[in-house]
Each structure stands twice: as C-alpha cells, then as structure tokens.
Amino acid sequence: MRTTLPLAICLVMGLLMLVQWFVPHPLSMELFRRVNDWMLTIGVFALVLGIGSLIMVHTRRVRRQTANWPYSVVVLLGLVVTAGVGFVEGFAHPLRGLETTQALPYEEGTYTAKAGTITIRDAGVKGVTLEKGDRVRVLYEGGGHTDALVTTTVSDADDGNTDGVVTAAIAAWRQGVPPENGTAFAVIHPGADVFNWIYEYFYVPLDSTMFSILAFFIASAAFRAFRARNLEATLLLLSACIIILGLTTPFIYVWGKVLPMIPEAPTAAKDWILEVPNLAMRRAIMLGVGLGSVAQAFRIIFGIERTYLGGGG
Amino acid sequence: MTQSMSATLGIWIAAILTLCLYSFLYHDNPFYKFAEHLFVGVSAGYLVARQYFNAFLPYVWEPLKRGVGYFSERDLRQLTQAGETAHAQPSELIVVVPIILGLLFFAQFARGHGWLVRIPVSFALGASMGMGVPVVFKEQVYKQMNAAIIPFDALNGSAVAINAIIVLVGTIAALTYFFFSMEHRGAVGAVSRVGMWFLMIGFGSAFGNTVMNRVMLLIQRVEFLLREWLHLLPT
Amino acid sequence: MRERAGRPSVHRTLGAVVAAITACLLVLPAAYAQVAATDVQASDIPNDDGSRGVQVTWQFPTTGAEDLKGFVVLRRPADGGELKPASGAKPLAPKERSFADKGAAGASVKGTSLREPSVPYVYVVRALYPAPPPEPVAEPSPEVADGEAVAPIGPPAAAPAEPGATPPAAADAPQPEPPPDIQVDSSESAPAKATGNWYHTGRTPVLLATILFAGLLLTLIQLAKAGKTPKIRRIPGLEAVDEAIGRATEMGRPILYVPGIGGVGSIATMSAMNIYGHVAKKAGELGTAVRVPCRDAIVMQVMRTVGEQAYTDIGRPDAYRSEDVFFVTDSQFAYAAAVDGIMVREKPSAIFLQGVFYAESLILAETGNSVGAIQIAGTDRDSQVPFFLAACDYTLIGEELFAASAYLSHDIPLLSTIRAQDIGKAALMIALIVGVVLQFAHIDAIAWFFDTDLAR
Amino acid sequence: MNAIWSFIRTDRRFIFLVVAVTVIVPVLVTIPFPVPVSNATRAAFNTMEGLKPGDAVLLSFSYGPSSMAEVQPQVEAVMRHAFRKGLRVLTVSLFPDAAPLGSRALARVVDSDEFRSESGGSRLVEGTDYVNFGYRLGTDTLIRRLGQNIPQFIETDVRGERLDALPVMQGIQNFDQIALVVDFAAGDSPDWWVVDGQGRYGVKVAVGVTGVMVSQQFPYLNSGQLAGLIGGGVGAAEYENLINAPATATRRVATLAFVHLLIIAIVIFGNVLYFREQRAAAEGDPA
C-alpha cells in the first residue's frame, strides 16, 4: 500500500498525460488544463510548508541566539512587512489585487458634478465599474485638480445598459466646492502602491545587482581556469578568446587597419565557431539530453526509479 | 527635473542595497549579511502575497465558493453584468481533489502516516513526466534531427558543404562521447575524443558570448549608481 | 445524384473548368468575364480540438478572369437559414483558393477548454467583379456551368442559392452610386462541421518513437533480470562523490548539497534527488551533516523523504535531521545570495551543485571555489556547463547527470535503461547518416519523419 | 616582485578591483571608440535606407526587461532612422513585458530634440506618423492574423482609436503594404517572423536580437530570409554609428571593449604565470 499506491498513481498519471498529447479533442485539452491547475493548487499547499520551514529556521535562530541571529530578524521582518503590505493593499482593492494604481483619463466625455454625486458621460466608462475607494479627479483648465472619493461601488451596467453613462455617489470634494461642469477628468483606481514600491526599490535592485556580480566572477573564473594545461583546455580558452575578441569593436578596427586584406577575419572566425562546432556540439547535447530525459521519465513512470519515494520501499 | 519624495527615497535605498551586495566581493561582512537576509525576506514575502492573490484565490478559494453557490456582492455584480445568473456550480467542487492532495503534504507531521506525502508527490511527478515525454521527443530530438538533415538538400558552394559536413561529424562525435555502455577505448575512444574537442570549443564559445551580456548588466548597474543616485552623468 | 453533389467527380470538375474557360473566351471581347468558382469543398480541419473550424477550398481558372476583384466565402446552416458572409468584410485576394472558417467552430465554454457543439454548414464561394460601365453590358454567359452571375442588388443574403436559376441581368438592376460589384456565386458545397479530433495524425512519428523506446526499455530490463548484466563506463565526476564525502568527514565540516532552481517536473532535478539519496546514505554512515537549501517547496518535500529513507536504510533513522533540508525563497538571485552566505559562513568542505541552473551557476561555483571546497557539479543546461567547468573540480555534462542514479546505485534495471539510451543514440546516428545520404539523392523521407511542423 | 605575483594569483579580489575600475572609468569619462560596422548590421541599415518616405515599417517588440541593456538601444536607433526617413511606423508587442519598454522607446525618440518642432512639442503625431498597437495576444498566431488583415484583427490602437480612422493606417490592409518588419527579440520570435511573416506572406523581415542569439540567425541571413540582423549591444552601437547618432549603445560598447580587452589580458597573464610555474617546477625537479 505504502509503495504500491503512489507507484500506481504515478503510472496512471504518466500514461494518461502521455496519451493526452496525441489527442487534440476538447475533452483531452480540458484534462490537460485541469491537471495543470491541480498542480498549481498542490503547489500552493507545498508553499505553506516551504514558508513554514523558512520561518522555523529563522525563529529557531532567534530563540537560540545562535551566531548571526539578528540577521534572522531581518529575514522575518522583510517577510512579514512585505507580505503584510501585500495583503492589506490587496484586500483593499480586491478587484485589482496587487496591480498598481491605474488612472483612466477621459478627455472627450463630459461630467456633471453635484453635491454628493457625479455623472460621467464618456465612451471610456462603457462597462467600467467604479469601485468604492476609487477617486474621481477633475482637472482645472489652468492646471491643478480636485478629487472626490467614490462611496459606493457602481457600474455602468447597473442601469441595465452599458451606455457609458455612470452616476456615482461621492464624498465631499477635496477642495470643498464641487467643480464646474466640464470635460477634463479622470477616474483613479488606487492599487497596491506600497507593495509595488517595495518591489521596485528593494527587490529589483537587489536582483539585478546579484545578476551583475557575475561580471566579476566571470573575470576571476577566466583567470583561474583558462590555462593551456592540455589540448581540451586550450580549445576551451582559445574559443572563448576568439568570441570575446570578435565582439570587441576597437580590436576589429585595429585588425582592419593592420591586415586590410582580411578585415572581417575576427568577426568571421567568431561567427564560424558559433555556427559550426558550437552548433554541432549543442545538437549532440540536445539529442543526448532528449533521449536521457525520456528514459528518465519512463524510469519514473514505470516505477523503475523510485528514489523519490524514499528508496526501494 | 523633479522627483517625488518616494522615488528619491527609493533610489537611495536601492543604491545603498546595491553597494551592500557588492561589498561581498571584498569580504563577507555585516552589510552583505543584512542585504542578503533582507533580500530573502522581501522575496519570500513578495511570493506569499503574490501566491495568495494569484494562486490561492483563483485556484482554491474561488472554485470552492462557486461550487457551493456562495457569491460575494461583487461576484454577483460581475455575473449580472455578464448577463448570467448566479447559481451553485457543483462541478467546480472537483477542486477538493487537488486540495486533499495538497493537504496530504501535512501528513508528515502525523506519526505513522508520513508515507501519505508520497501521494501528491507521485501525482505531480507522474503527470509532469508524462507531459514531458512527447514534447521532449518533438522539441529536442525531432527538431534537431530534422535540422541536421535538411541542409544537405541544397548544398550550394564548397564552404557551405564543408561546414555542413563538419557539423555532422561534430554531432556524431559528441554523441559518441555520451555513450555509457562501452568503455571509450580504440576507435570509440578516438571518436569520443574528437567529440570532447567539439564540446570544449562549444563551451568556450558559450563562455565568451556570455561575457558581453553580463558586462552589459554591470554597466547598466554602474550607470544607475552614477546617474540616478549620484547625478554624475547627464540624463 | 445526392452523393455526387457531396463529392464532385473529376469529370464534373474538369467539365466546369473547361466550361468556365470557354465562357471566358466567349465573353473576352467585352473584357468582363464573370466566371464562378467551382468545386467548392468544405471539410473539418483535422488534428485540432475543433477550434480551427472548417476548411473551404475551391477551383478557379487561372486565366480569363483578370478583372476578378476577390472572393467572399458565405455559409448557411445545413438545416436551412440565410447565407451569410464567413470571410469578413473585405474580400479575399483573387489568388486565394482556400479559406479556413474559424467562425464555424463551436463557441468555447467559458473558463474551460471545452467547446459547445458546432453546427454543420453549407458553403458558397462568391466571386466579385467590378461593375460594368453603364452602357454596354456583357450578358453573363449561360454556359457558366457551375455557377451564375448575380445582380449586385441588396445585401449578399439576397443572392439566390439555387444553382441554375436564371440570373437577372445586371443592367436590369437599379444603379446606385458607386456601382456595386457583380457577384457570381458558386454552387453549394456539401455540409461540413468543425469537430474535435480524437487523434492527431501529424504526431504519428512521435508516437512511433515513444512506443519503440518504451518497448526497448522494458525489454532490456527483462533481459537484465534474466541475468544479462549491462556494463557502464567510468564517469569521473561520480567516482569523486565518495572521495568528496570522505574528505568532508575528515575535516569535520558539513556537506552542502544544492539541488538547483528547477521544479519537481524537470528531469535534472529528479536526478539531483537520486544523487542526494546516495550522498545522504554515505554521509549518514560517516556521521557528516548534509545541508540542502531548496528553492522549490515540493522539491524540499521530496528531498526530505529521500533523506529520511536514506538514514532508515543505513539503520540510523534517529540521526536524520529534517531541518537540514530547508526552503530559502523562490527568487533566483535571492536564493543565490543566501546560498553564497551559507558557503562563506559554514565553509563546507564538499559542495554538490546538481540539477537545473541558470545564471546563478557561476555565482555559486565561484564562491564555493573561494572557500576551498571540493565541488562536484552537474546540469543539463549546456549554456551553464562552461562555468561549472571553470570553477568546479568535477562536472557532469548533460546526460551524464541522468546516468548518475543508475551508476551510483548499481541497480540492474536502472543500468539497463542506460543501455536503452545508448541504443537510442545509435539509432539516431544511423538515421542521421542515412538521412543525409538520402538527402543528397533528394529523398527527404527521413527529414520528413522528423519534421515537427506536421505535429503542430 | 614574486610576492606581488603570488598575491594576484591567490587573491581574486585584485581582479574584482581591476574589473570595477575598468567599468567605472569609461562610464564616467566617455572615450570615443571607432565602431566598425558588420555586414549583418549594414544589411539592416541598407534595407531601411532603401525605403521611400511614406512606406510603412512594422516594429515588433519581443523582448523583456532582462534583455533591455542590449535591445533597447537597438529599438531607439532603428526608430530614429525610420522617423528620419519619413516612414510610417507601426509598433506591436508580442509579449506583455515588452509593451512598456516599447512605449518608452517610442516616447524617448518622438520627444527627442531631433524631432522637436518650432512650437516646442514633437512634430511627430501619434496616429499620423506612428501608431502603437500595444501588446497583442497570440505570438506566432498573431503574426499569421496580421498577415491576413491588420485593421480587422487589431481594430484599435493602444489609445483605443479605431485604426480605420487613423491617417497612418490609410491603405494598409495586410503585409502587402508593409515594406519592412523589424523584430526585436530575446526568444523564438525571429523564427515565427521568418516562417510565418516572410515565408507565408512574403514580407521583408529584419531582426534585432541579444548577443547570445546572434549565431542562430545566420542561416536565415545567409538564405536571404532575413533582410538584416542587428546583434546585441555591439549591433546597436553599429546602427547608431550608421545613422550618425551615437547614444547609449555606443557608450556602453566602449566600456564593454575595455572589459573584453581586460579579460583577454587576464587570460594571457594567467597563462604566463602558469608556464613560469611549470618551468620552475621542471627545473626544481630534474627527474
């Protein structure tokens, strides 16, 4: 039971999805979609375990005051603050979730503002929902603007037709008095701005900096590893150097001046390596890896390889 | 050029974090440790919120709600807008199958029932392996085989012909290197040695080609520090 | 006769073409040859889920109708109803001889991949000609066998659908400004319906390979069980595994096992799990800790199962610590930064980098190298192999990683699957050589077999 | 002397320092470098140069933020060239990630000094001189749909204006009226354009790609299926050079050249060290 059931599930799912690829029928497409959705669902639960593991590791460090424990506080704070901001902002605007603020400027329609309501006539609001918490902004002709908060969610479709005429209940205008009727206005759907600010100014720079650190490591790896120890190592280093020089514009320029009879040689050599030996070797790896992957997949489907279940069972 | 307060603050934070990470190149130090742990925390927090709104709600919660016919005011509004009536869709309840599969992960905490964890694992594994087989055959094996043969249809000019033959020889030699069930001695050894040369030239070219890309990323980063942060460069 | 209407015979087609050409020649002096499309055929587009609709094809003479403006394809439900244009507002170019009517497909069911049942349609192809100048009107020739000219009045639906009906003369119609085009309709096609198909014929070559390979695999396993033990060549990177674990034990420092950033669905990650099983056993016997930072929660889960079993197998289940297998974060570079931190702080003496790696490969390998660990790497991403070659002591290239599990376990069924792979490779090599030779003779049978465009 | 050498050999931080200096100094002090032009980039330039004012070019954006460093300058250079020639510029994004980057490039070029009118605004008018279709779903299917009928499939531009009403779209039905397509790619999209756009509908196609993708495009270039190829940051700099408007790419490529030469120097230096050691070892151990 403990081994047979998982192996049977694996076999059935494997063969089912294998056959599915050969069947273009909608039922088969639906099966494919469902199984993929289900794997996403399963992943959500696994993630709970993963995040749980992360939290456990770091709370334990804090509790036991092991070396570097203050940094574990940083991890936990980063986690709680980022996720917390995401939840607060996401729940505040459930329709838009974690999107950033969107402003829909309308320049062709008209609005009629009264105390407590505003009526918007514009093709752009056809079918649009003004959510509670959205803001209507009216732009003054000479510059500047005034805002009002939408107090109840209302949609263009509420009156039975999507004619692009919406009347929304609003709170007081920020500037006190309702603006004169006019044509320049916008609807602002506030979004998860703090959450996205964290993403843009914490996550993105950290991510791209870590990526760019590779430029340093590539240099130190080249220094240490590119030694002409034997024929294979020499081929590796020569091929790398030819490619690099073929992409170095001043080198090509100087080459063209010194050897004008073969001015294109560095580029041509670079291209030849990429197009001929490189292509051959990549093709071989792809074919080999392709067959290897299929064999591995069959090993798992047929239950020959069962390490993932924890040994022979 | 005016920047909003939040953008200015953000650029300062981004610049300082950038320098913290670069400090690792000198030595592991408190600044790097801080940035590294912050990076882990923020990325995990980002993941949690994203997964909640983009995976948990649409793939777990909403189908359950639709299945039992519980609709929020907002759902109802959307349904009527789409011209549909709100009624329970029991077929959606099939989502309990993956939910149970997912919950089985927690069986590891129940003594004696740990083996139940194998069920969701074998489900996900079996399905992805099954999906993989034909696609790998088509995308890797068939496509490459076809591409390897086609050039011999119209060989115009000796240079093209020689290159096509070198590619063919290189492919076969490099494939020979990956033969496992025989020792690489004698003729097989010689061919697989040639295959190794092709592999090395190919790996070298991949290395050389990547240098440009990585250095460009570093230049972009340095430009950020010097322009957006320090304003040493014209915008 | 009913049947013949559904499947126009060659004679009839030829006759129509000849008649059409004759008609053209007859009216040529007037320069307004109004030939109709002939042999309109409609059929379900095969190898799809029904969404690509119905393919409509027709014949049209290549000469004699130079002033043809284009075609409009019209359809009506087979059980009656009006003819409506199916090919959009703008006419199809005169060179077209076929049209895929996506509109005939059943509507997709919202939120699913299912489709509503589709309706069978009957098709008519309408040829459009510029209206003649008001004065001399060329009478459409009655010899036009398989179609008729239709006066340009009203909406297209007003066109008579009955073949052989006497066409009203164009001149009789009122002449609005600008004059509308002259419309010449073909006769109706047999009904056709867009359906989902149960087998994709273009994928037969892949099916063949799948069955052959699976059969080969299972046969070899049976043979191996009957006592034919397969041999396998030395793989240096794998021979070093035990050495690396031993060294870590001597130095009293932990082992770091990095399973890459792939998910559980990727084959390289699976191989990484298998190698981990072996490493955990060896290290467990020697009492050395193996630390496993994970980027994917399911991978972490499986790694824990594998580790637990490994310790059970060597009889020390209590020595297994599940917290040694832990989740870091799913962000690629945050993961790399954290693993770098572990490397410089815990100074492992052996580092395994096995599985799927992208750009972070060199970040990890260089840092590992700088702390002086013995490093064994393996990945199926050929673009990352050079960085492992540069910074690690041993590198498993591509397929070698997949072979590792069989190699380390000495399990006979597993070893025989490696042999199956080799036979597969040999078959590919032979196919390659034969294919190239045949290609010189302009026989593209093998290239065709491997053509993936058919399988789309 | 030997002590310094052994320090360099054992401490890679020396290399890090040199790399940092080699990047920062050229970024700060712009050093003009000659950029020789490759045939592939020249072919792209000549194709564009051969078009007549009023011809339509379709720019297809199929890249993302991670390939921006190389591709974005290509987009700006090609766009600038097209506007200079008085061509009608149509843009479409094949991936959602690409849409903001494409719009940003469009805004930068349109609002640049070169196209400023006397009144201070840009003399290029959206809808008259150019149109942005935004992101459209469908990848390769999209290309086939565009080949059949552009206004019918796209309907409205990114602002929601109907295409039939836009002066820039007058007379444009399908690929027959598109003089050239330039695809800016970081993935498989050149294949789609060559197979579906060029192969099926016969439209002329040129591509701008990231450095790592260049080699895969050569078969297409040789067979004439591609009318030009701009490869990576270097290709972008070449194009900037050809249209005589050196910008981001020219500056970055100058810096890149220093780092490239540095790496070559590092490799040579490493080998010199290696052979010295070998010789020393051989002399010290005559057996």
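Throughout, a chain's letter reflects where its sequence line sits, starting with A, and its residues are numbered from 1. Predicted model, so just to flag it, every value in this text is computed and none were measured.
- No donor-acceptor pair closer than 3.5 Å links the side chain of R299(A) to the backbone N or O of T417(C).
- Rounded to the nearest 0.5 angstrom, M273(C) CE and Y308(A) OH are separated by 10.5 Å.
- For the set Q296(A), M281(A), R224(A), the entry with the most heavy-atom pairs within less than 4.5 Å of chain C is R224(A).
- Ranked by non-hydrogen atom pairs under 4.5 Å with chain A, the options V325(C), T204(C), I221(C), D382(C) are led by D382(C).
- Atoms CZ and CG, on F298(A) and L216(C) in that order, are 10.5 Å from each other to the nearest 0.5 Å.
- Side-chain atoms of V109(C) and E30(A), non-hydrogen and from C-beta on, never get closer than 4.5 Å to each other.
- The two residues D340(C) and F217(A) make their nearest non-hydrogen contact at OD2-CE1, 4.5 Å.
- The closest side-chain heavy-atom distance from I300(A) to I267(C) is not below 4.5 Å.
- For L401(C), no part sits under 4.5 Å from any heavy atom of chain A, backbone or side chain.
- At a 4.5 Å heavy-atom cutoff, the contact between F387(C) and chain A is made by side-chain atoms alone.
- Chain C forms more heavy-atom pairs under 4.5 Å with one residue of M29(A), M39(A), E305(A), R282(A) than with any other, namely E305(A).
- Among I213(A), V19(A), I218(A), the residue with the largest count of heavy-atom pairs under 4.5 Å with chain C is I218(A).
- Within the 4.5 Å cutoff, the side chain of V206(C) has heavy atoms near those of the W21(A) side chain.
- Using a 4.5 Å cut-off on side-chain heavy atoms (C-beta onward), E232(A) and L389(C) make no contact.
- Using a 4.5 Å cut-off between heavy atoms, L218(C) touches chain A through its side chain atoms alone.
- Proximity of S53(A) to R304(C): side-chain heavy atoms (C-beta onward) are separated by under 4.5 Å at one or more points.
- Of all the heavy atoms in G196(C) and P26(A), the pair that sits closest is CA-CD, 3.7 Å.
- Side chains of T329(C) and L54(A) form no contact here, defined as non-hydrogen atoms less than 4.5 Å apart.
- For Q421(C), the parts lying under 4.5 angstrom from a heavy atom of chain A are both the backbone and the side chain.
- At a 4.5 Å heavy-atom cutoff, T201(C) makes no contact with chain A through either its backbone or its side chain.
- With contacts defined as side-chain heavy-atom distances shorter than 4.5 Å, the pair F327(C)/L47(A) qualifies.
- The two residues V289(A) and E399(C) have their closest heavy-atom pair at CG2-N, 3.9 Å.
- Expressed to the nearest 0.5 Å, how far OH of Y203(A) lies from CZ of F333(C) amounts to 9.0 Å.
- Pairing each heavy atom of A337(C) with each of M210(A), the nearest pair is CA-CE, 3.6 Å.
- Rounding to the nearest 0.5 angstrom, the gap separating the CG atom in L18(A) from the CG atom in L207(C) is 8.0 Å.
- In this structure, chain A has a heavy atom under 4.5 Å from the side chain of L217(C), while its backbone stays farther away.
- Atoms CE and OG1, on M270(C) and T307(A) in that order, are 7.0 Å from each other to the nearest 0.5 Å.
- Contact count against chain C (heavy-atom pairs under 4.5 Å) is highest for I304(A) among L31(A), L206(A), I304(A).
- A pairwise comparison of heavy atoms in G292(A) and F402(C) identifies C-CD1, 3.5 Å as the closest pair.
- Neither the backbone nor the side chain of T195(C) comes within contact range of chain A, judged by heavy atoms closer than 4.5 Å.
- Among L428(C), V302(C), D380(C), I363(C), the residue with the largest count of heavy-atom pairs under 4.5 Å with chain A is I363(C).
- For chain A, the option among A334(C), S331(C), G277(C) with the highest count of heavy-atom pairs below 4.5 Å is S331(C).
- Closest approach of A221(A) and A390(C) over heavy atoms only: CB-CB, 4.2 Å.
- Separating the CZ atom in F216(A) from the CD atom in E366(C) is a distance of 13.0 Å, to the nearest 0.5 Å.
- For the options A359(C), A209(C), A420(C), G424(C), heavy-atom pairs under 4.5 Å to chain A are most numerous at A359(C).
- Interface check for chain A: of the options V385(C), T210(C), V264(C), the most heavy-atom pairs under 4.5 Å are formed by T210(C).
- For D37(A), no part sits under 4.5 Å from any heavy atom of chain C, backbone or side chain.
- Within the 4.5 angstrom heavy-atom criterion, no atom of S28(A) approaches chain C.
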